[in-house]
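Here is the naming used below: chain letters follow the sequence lines, and residue numbers restart at 1 for every chain. Side chains are part of it too, since the values below use all heavy atoms of this structure and drop only hydrogens, waters and symmetry mates.
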There are 2 protein chains.
Amino acid sequence: MTVSRVLRNRGDVSDSTRERVQEAARRLGYVPNKIAGALASQRVNLVAVIIPSLSNMVFPEVMTGISDTLEDTGLQPVVGVTNYSPDREESVLYEMLSWRPSGVIIAGLEHTDAARAMLAQAGIPIVEIMDIDGTPVDSAVGISHRRAGRQMAEAIIAAGYRNIAFLGTMMPHDHRARKRLEGFEEALAKAGLSLVDREFYSGGSALLKGREMTEAVLTRSPQVDFLYYSNDMIGAGGLLYCLHKGLDVPGQIGLAGFNGVELLDGLPRKLATMDACRLEIGRVAAEIIAGKHPSGTIGGEVIELFPTLQKGDTIRG
Amino acid sequence: MTVSRVLRNRGDVSDSTRERVQEAARRLGYVPNKIAGALASQRVNLVAVIIPSLSNMVFPEVMTGISDTLEDTGLQPVVGVTNYSPDREESVLYEMLSWRPSGVIIAGLEHTDAARAMLAQAGIPIVEIMDIDGTPVDSAVGISHRRAGRQMAEAIIAAGYRNIAFLGTMMPHDHRARKRLEGFEEALAKAGLSLVDREFYSGGSALLKGREMTEAVLTRSPQVDFLYYSNDMIGAGGLLYCLHKGLDVPGQIGLAGFNGVELLDGLPRKLATMDACRLEIGRVAAEIIAGKHPSGTIGGEVIELFPTLQKGDTIRG
DNA sequence: ACGAATGCTGTTACCGCTAACATATCGCAG
DNA sequence: CTGCGATATGTTAGCGGTAACAGCATTCGT
């Protein structure tokens with residue numbers, strides 16, 4: 001018992017005893033068994049983080065926000081990856097909940113019924129991140145992708161572009177990309193416009209795909225004067241293609257992506273984009289789990305963040 | 001007890017009982033407590049994966065290799081990130097070992113003494129990945145970065161370049177980048193050459209940094225005819241800069257990076273590089289932990305993989 | 001028809017730690 | 001010297017599962 005107290009810095013232990021214990025622990029290479037500890041204390045210092053992908057550049061940054069915030073709370077993030085599959089999400093969630101974490105941070109608002117039920121029943125703080133266009137189980141932190149799409153469309157129309165094409169991923173379960181497109185088309189419609197062309201891809205090097213898709217679109221629909229990409233990576237590929245072809249950007253043709261990845265800073269011309277507040281989302285989600293969020297209330301909150309539109313060098317005006 | 005058997009698919013249970021149990025579990029939203037299970041059975045289906053960073057594009061790919069292989073073994077990866085700090089690595093390792101995982105996959109061969117001691121004492125399979133230039137605690141899977149640096153130098157020299165500069169990260173704990181540089185300089189020395197210039201950076205957008213560093217080097221040392229980058233991302237930035245400046249690549253100046261990231265496929269010209277066998281490393285490491293590696297032996301093995309040099313369009317010949 | 005094998009379910013004793021409480025030790029005021 | 005609070009250490013009973021083994025029907029071979 002005294003050993004337990006020393007190793008957890010809890011309760012009163014005399015200095016001499018404390019030192020003897022620490023010395024012995026060091027000498028024996030003793031590592032306490034958290035499994036037993038957790039079972040006895042009914043407390044687990046783990047936070048489940050469930051995200052669709054790591055190869056995306058966006059989720060690693062969310063992770064950074066989470067890790068940094070959790071750093072000095074004694075909580076530890078544990079990552080699960082779903083590959084954009086709802087079934088996989090469900091099983092990863094089940095697996096993680098069975099370790100009784102202190103909280104769950106999960107990307108998106110769309111889950112299987114079973115997953116929603118598990119989340120609702122877990123009795124721990126749940127934070128759904130990235131997106132707020134929908135009904136969260138508990139708390140949510142993110143941006144409105146529908147609004148983001150709308151804003152971009154409005155900026156494009158205001159700049160005078162009229163023949164607009166969309167280029168994006170073909171992932172049935174990437175709801176955020178879908179919502180952006182929906183918002184985008186909605187704003188186009190309001191201005192009496194509609195997409196002139198659209199092109200989808202899946203898999204492969206995003207930069208290369210952006211290049212190829214752009215070529216395909218411009219060949220098929222030469223009248224296009226704006227290319228809206230569902231992410232910065234394919235947008236960057238498209239930009240490199242346009243510059244290579246000697247097109248006048250943004251005079252003759254404009255481009256925009258989404259995410260605000262730092263990659264863009266190194267491009268010959270800065271791609272228009274909207275940052276997705278990734279770091280901030282991670283930070284706030286972690287604060288909610290750690291009970292540190294200034295809002296103070298206990299869960300059930302939707303925190304909307306507002307991305308800023310960066311026009312870069314690829315939208316006129 | 002019967003419930004336990006049903007939920008783990010172990011032992012004999014009659015169909016009728018099995019169904020009653022499953023129905024009840026579903027109705028109650030019962031999620032078994034793995035903590036208790038693990039304590040009782042002394043078995044934990046977790047594999048600790050300890051890596052320096054997620055924002056690197058290389059580790060996510062290793063993770064993919066690991067996840068894919070572990071998928072059908074019942075084992076689950078748990079990721080810890082060290083940010084290239086040995087102390088942080090030590091504490092992350094301690095934290096993870098206290099959950100008694102079934103194995104540890106950890107990047108690099110350089111650890112604090114305490115970390116090495118913990119790994120050696122853990123009594124579970126340990127696989128150190130990415131690098132094999134050193135002495136592993138148990139098993140190791142990776143490439144020789146020293147040799148990789150040497151090979152690249154030899155290829156560059158063979159192509160006739162003589163005024164070679166190095167551009168890389170300034171991370172005291174990125175041992176693999178250091179070893180590549182060492183091997184590189186070693187091979188230069190053997191040919192009676194030495195680096196004409198060198199430039200280091202830390203933090204910021206790699207693509208942009210590559211651009212800036214390249215400009216700095218070419219301004220300071222106009223005689224330079226080859227730029228060797230410690231990673232593809234800064235190499236890509238440098239390539240974009242050279243093309244922008246209208247330099248003749250690879251005639252007037254050559255470039256090479258390291259990693260073989262898919263990003264390169266989308267560049268206007270393909271950067272010379274060596275792939276780091278990232279997916280394969282993850283796959284093999286996971287196989288060793290899962291006891292599935294064909295080698296059959298029980299640990300203590302060093303598995304060297306051999307990266308291939310891709311000359312791309314940025315080395316003559 | 002009988003013992004053995006088989007199939008299913010139940011009992012018991014932990015796993016390694018911690019909460020809660022109990023006991024011991026000490027200093028010091030009264 | 002006693003009594004009391006403060007400090008330091010020890011005791012006990014679980015936490016929620018599982019291994020190992022113990023029942024008890026039922027089936028089977030001979």
J.: Do any side-chain atoms of residues 100-109 of chain B form donor-acceptor pairs under 3.5 angstrom with protein atoms, and if so which ones, sequence neighbours left out?
T.:
{"unit_1": "B:R100", "atom_1": "NH1", "unit_2": "A:V31", "atom_2": "O", "d": "3.4"}
{"unit_1": "B:R100", "atom_1": "NH1", "unit_2": "B:L97", "atom_2": "O", "d": "3.2"}
{"unit_1": "B:R100", "atom_1": "NH2", "unit_2": "A:V31", "atom_2": "O", "d": "2.7"}
{"unit_1": "B:S102", "atom_1": "OG", "unit_2": "B:V44", "atom_2": "O", "d": "2.3"}

J.: What is the bend of the helix from C:dA1-D:dT30 to C:dG30-D:dC1 when you compare the axis at one end with the axis at the other, using five pairs each and rounding to 10°?
T.: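 Here the local axes at opposite ends form an angle of 50°.
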
J.: Between atom CG in A:N45 and atom P in C:dT18, what is the gap in whole Å?
T.: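 After rounding, the gap between these two atoms is 12 Å.
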
J.: Got a sec? Which of residues 25-33 of chain A come in under 4.0 Å of DNA chain C, heavy atoms?
T.: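 Contacts with DNA chain C under 4.0 Å: A:Y30, A:P32, A:N33.
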
J.: Taking OP1 and OP2 of D:dA19, is either one under 4.0 Å from a side-chain nitrogen or oxygen of B:Q42?
T.: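 No, because none of the side-chain N or O atoms of B:Q42 sits under 4.0 Å from OP1 or OP2 of D:dA19.
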
J.: Report, as a single string ordered 5' to 3', how protein heavy atoms within less than 4.0 Å touch nucleotides 19-24 of chain C: B base, S sugar-phosphate only, - not at all.
T.: B-----

J.: Looking at CD1 of B:I51 and CZ of B:F59, how far apart are the two atoms once the value is rounded to the nearest 0.5 Å?
T.: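 Nearest 0.5 Å value for the CD1-CZ distance: 6.5 Å.
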
J.: Of all heavy-atom pairs between B:D138 and B:P125, which one has the smallest distance, and what is that distance?
T.: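 Looks like OD2-CA, 3.6 Å.
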
J.: Hey, is B:E19 close enough to B:R26 for a salt bridge, meaning N to O under 4.0 Å?
T.: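 No, this pair does not count.
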
J.: Please name the pair of heavy atoms, one in A:Y30 and one in A:L7, separated by the smallest distance, quoted to 0.1 Å.
T.: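 Closest approach of A:Y30 to A:L7: CE2-CD2, 3.3 Å.
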
J.: Would you find a donor on one side and an acceptor on the other, under 3.5 Å apart, between the side chain of A:N45 and the backbone of A:L75?
T.: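 No, because the side chain of A:N45 does not come within donor-acceptor range (under 3.5 Å) of the backbone of A:L75.
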
J.: Is it true that A:D131 and A:R146 have a side-chain N and a carboxylate O under 4.0 angstrom from each other?
T.: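 Answer for the salt bridge query: no.
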
J.: Output all residues satisfying side-chain contact (heavy atoms from CB on, under 4.5 Å) with A:A36, sequence neighbours left out; order by chain, then residue number.
T.: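 With sequence neighbours excluded, A:A36 shows a side-chain contact (heavy atoms from CB on, under 4.5 Å) to A:N33, B:L39, given in chain and number order.
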
J.: For B:L39 and D:dG14, give me the distance from atom CG to atom P, rounded to whole Å.
T.: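 In whole Å, D:dG14 P and B:L39 CG are 17 Å from each other.
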
J.: Looking only at heavy atoms, which two atoms of B:L70 and B:A286 are closest? And how far apart?
T.: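 For B:L70 versus B:A286, the nearest heavy atoms are CD1-CB, 3.5 Å.
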
J.: Which atoms form the tightest heavy-atom contact between A:V13 and A:R10, and what is the distance?
T.: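 Looking at all heavy atoms of both residues, the shortest contact is CG2-O, 4.4 Å.
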
J.: With sequence neighbours excluded, what pairs up with A:R27 under the salt bridge (Lys or Arg N to Asp or Glu O under 4.0 Å) test?
T.: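 Expected list: A:E23.
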
J.: Tell me, which of residues 13-23 of chain A have any heavy atom that sits under 4.0 Å from an atom in DNA chain D?
T.: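 A:V13, A:S14, A:T17, in order of number.
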
J.: Taking atom C1' of C:dC17 as reference, at what distance in whole Å does atom CD1 of B:I35 sit?
T.: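 Taking CD1 of B:I35 and C1' of C:dC17, I get 12 Å after rounding.
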
J.: For A:R8, enumerate each residue passing the salt bridge (Lys or Arg N to Asp or Glu O under 4.0 Å) test, keeping only those at least two apart in sequence or located in another chain.
T.: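 Scan of A:R8 (salt bridge (Lys or Arg N to Asp or Glu O under 4.0 Å), adjacent residues dropped) gives none.
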
J.: Among residues 92-103 of chain A, which residues get a heavy atom nearer than 4.0 Å to DNA chain D?
T.: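 Within residues 92-103 of chain A, no residue comes under 4.0 Å of DNA chain D.
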
J.: Not counting sequence neighbours, which residues clear side-chain contact (heavy atoms from CB on, under 4.5 Å) with A:E280? List them please.
T.: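 Per chain and number, A:E280 pairs via side-chain contact (heavy atoms from CB on, under 4.5 Å) with A:C277, A:R283, A:V284, A:L305.
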
J.: Any donor and acceptor pair, going by atom type alone, linking the side chain of A:H145 with main-chain N or O of A:I132 inside 3.5 Å?
T.: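 Between the backbone of A:I132 and the side chain of A:H145 there is no qualifying donor-acceptor contact (under 3.5 Å).
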
J.: Tell me the side chain to side chain donor-acceptor pair (under 3.5 Å) pairs involving residues 105-120 of chain B, sequence neighbours left out?
T.: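 Listed once each, the pairs are B:E89-B:H111, B:E90-B:T112, B:E110-B:K179, B:H111-B:E128.
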
J.: Show the nearest heavy-atom pair for residues A:M63 and A:P77, with the distance to one decimal.
T.: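 Heavy atoms of A:M63 and A:P77 come nearest at CE-CB, 4.3 Å.
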
J.: Taking only nitrogen or oxygen atoms into account, show me every contact under 3.5 Å that the protein makes with nucleotides 5-7 of chain D, one pair per line with its distance.
T.:
none

J.: With the threshold set at 4.0 Å, does a side-chain nitrogen-carboxylate oxygen contact exist between A:E61 and A:R278?
T.: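 A salt bridge links A:E61 with A:R278.
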
J.: Are B:D174 and B:R180 close enough for a salt bridge, meaning some N to O gap below 4.0 Å?
T.: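 Judged by the 4.0 Å cut-off on N to carboxylate O distance, B:D174 and B:R180 do not form a salt bridge.
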
